[in-house]
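Below: the structure, in structure tokens.
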Amino acid sequence: MIELSDYTLLPIGAGNGLNGFCFSIVEGDICSIDADSPDDAHLLLKAIATLVRPLKGTYKFMGKKLDFSNDKQLLSCKKQTGYITSDAALINNLSIRENLLLMRYYFENSLSLNIDKKTAELCANFNIYDKLDLRPGDLRPIEAQAAIAIRELSNSPAILLIEHPESFVMRSQFNMFKEILKDTLSSGCPLVFISHDKGFIEEFSNRNIFISKGTLTT
């Protein structure tokens, strides 16, 4: 599904960057990241999501080499990538409903859409259904994070990237969130995640990624 070859990434934050690594993801992979630098772990998620341009290397998505100078080509890849992380964001001047529908507005070329049954059920599960017409600033931070998770999950992603699922939703909702993830992953959707929750890692992971001083191994 995804293949990164001879990939080098400049560092972010206090990280080391990632140097000349090769990494691939196939259907059914559920990969946990263990890194000596949190910034390097986050950098790998950003790289898989095509949010950072490599210093060198090749990115293939579904067998097709991506051209990072072609934003439209990257948009098609981004559409199929669920990105639930600390730097994922909602658009502040749109309602939660509009944020959830934004990708559909673009690809279906219509502004007269409403949320589907699956999305409505997710909103109800995370207790934000009655807040769909509010803007992100009117929500508590944990509710805004839930809206981000709903947006990414409702798009039926081909691959899912998650940073610290144990802190992304309220603790009382964590078991429900895990069940929703299991349903999403049951189709073979790969998951790459960072977590400090040993129980979550043991329950979900079938592959480990190690990053030490800028070197990635699996």
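Excluded from the calculations below are hydrogen atoms, water molecules and symmetry mates; all remaining heavy atoms, backbone and side chain alike, are included.
Two residues are said to be in side-chain contact when any heavy atoms from C-beta on lie closer than 4.5 Å; F193 and C31 fail this criterion. The shortest distance between side-chain heavy atoms of F21 and I211 does not fall below 4.5 Å. Looking only at side-chain heavy atoms (C-beta outward), L153 and L160 come within less than 4.5 Å of each other. Under the 4.5 Å side-chain criterion, counting only non-hydrogen atoms from C-beta, I150 is in contact with I128. Looking at heavy atoms from C-beta onward, V169 lies in side-chain contact with F126 at the 4.5 angstrom threshold. At a threshold of 4.5 Å between non-hydrogen side-chain atoms, the residues N92 and R135 do not count as touching. When side chains are defined from C-beta on, N127 counts as touching Q173, because their heavy atoms get closer than 4.5 Å. Taking the side chain as every heavy atom from C-beta outward, K79 and N155 never approach each other to under 4.5 Å.
How far SG of C189 is from CD1 of I30: 9.0 Å, rounded to the nearest 0.5 Å. A distance of 5.0 Å separates CG in N99 from CG in L94, rounded to the nearest 0.5 Å. D39 contributes atom CG, which lies 5.5 Å from atom CD1 of I12 (distance to the nearest 0.5 angstrom). A distance of 5.0 Å separates CZ of R207 from OG1 of T218, quoted to the nearest 0.5 Å. A distance of 11.5 Å separates CD1 of I96 from CG of D130, quoted to the nearest 0.5 Å. Atom CG of L122 sits about 8.0 Å away from atom CE of M176, to the nearest 0.5 Å.
Pairs engaging residues 113-124 under the salt bridge (charged side-chain N to carboxylate O under 4.0 Å, His left out) rule: none recorded [sequence neighbours left out]. Evaluation of the salt bridge (charged side-chain N to carboxylate O under 4.0 Å, His left out) test over residues 160-179, restricted to residues two or more places apart or in two chains, returns R171-D197, K178-E203, E179-K182.
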task = Would you sort out whether N19 and T215 count as a side chain to side chain contact (heavy atoms under 4.5 Å, CB included), showing the intermediate values?
result = CA-CA 6 Å; N19 303 309; T215 299; 5.5 Å; no

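When each of L132, L134, L102 is paired with R97, the side chain to side chain contact (heavy atoms under 4.5 Å, CB included) condition holds for L132 and for no other.
Note on ring orientation: taking the six-membered ring where Trp is involved, the planes of F200 and F204 are parallel (angle under 30°, cut-offs 30° and 60°). Y83 and H42 have tilted rings, their planes meeting at an angle from 30° to 60° on a 0 to 90° scale.
In this structure, D71 has no salt bridge (Lys or Arg N to Asp or Glu O under 4.0 Å) partners at least two apart in sequence or on a different chain. Considering only residues two or more places apart in sequence or on other chains, N16 meets the side-chain hydrogen bond (donor to acceptor under 3.5 Å, both in side chains) condition with D40. In this structure H164 satisfies the ring pair (Phe, Tyr, Trp, His ring centres under 6.0 Å) test together with H196, sequence neighbours excluded.
The 12-atom threshold is not exceeded at OH of Y129, counting heavy atoms of other residues, nucleotides or ligands nearer than 6.0 Å.
In terms of heavy atoms, R151 sits closest to A88 at NH2-CB, 4.3 Å. Closest non-hydrogen pair, A144 versus L90, comes out as O-CD1, 3.8 Å. Here the shortest heavy-atom pairing between P136 and I91 reads CG-O, 3.6 Å. Closest approach of S37 to G15, counting heavy atoms only: OG-CA, 3.5 Å. Across every non-hydrogen atom of Q73 and D67, the tightest pair is OE1-N, 2.5 Å. Between E98 and S95 the shortest heavy-atom distance is OE1-N, 2.8 Å.
Although no hydrogens or angles enter the test, the distance criterion places a donor-acceptor pair under 3.5 Å between the side chain of T8 and the main chain of G20. Within the 3.5 Å criterion, the main-chain N or O of E202 finds no donor-acceptor partner in the side chain of S205. In this structure, T184 contributes its side chain and I180 its backbone to a donor-acceptor pair below 3.5 Å.
Transitive grouping of hydrophobic side chains (ILVMFWY, heavy atoms separated by less than 4.5 Å) brings L100 and F168 into a common cluster. Cluster membership check: I162 shares its hydrophobic cluster with L185, using side-chain heavy-atom separations under 4.5 Å among Ile, Leu, Val, Met, Phe, Trp and Tyr. Linking ILVMFWY side-chain heavy atoms closer than 4.5 Å, directly or via other members, places L181 and I159 in two distinct hydrophobic clusters. Linking Ile, Leu, Val, Met, Phe, Trp and Tyr whenever their side-chain heavy atoms come within less than 4.5 Å puts V192 and L9 in one cluster. Cluster membership check: L4 shares its hydrophobic cluster with M1, using side-chain heavy-atom separations under 4.5 Å among Ile, Leu, Val, Met, Phe, Trp and Tyr.
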In a table with atom names and distances, give each donor-acceptor pair under 3.5 Å that connects a side chain of residues 48-65 to protein atoms at least two apart or in another chain.
{"from": "T50", "atom 1": "OG1", "to": "K78", "atom 2": "NZ", "distance (Å)": "3.1"}
{"from": "Y59", "atom 1": "OH", "to": "I48", "atom 2": "O", "distance (Å)": "2.5"}

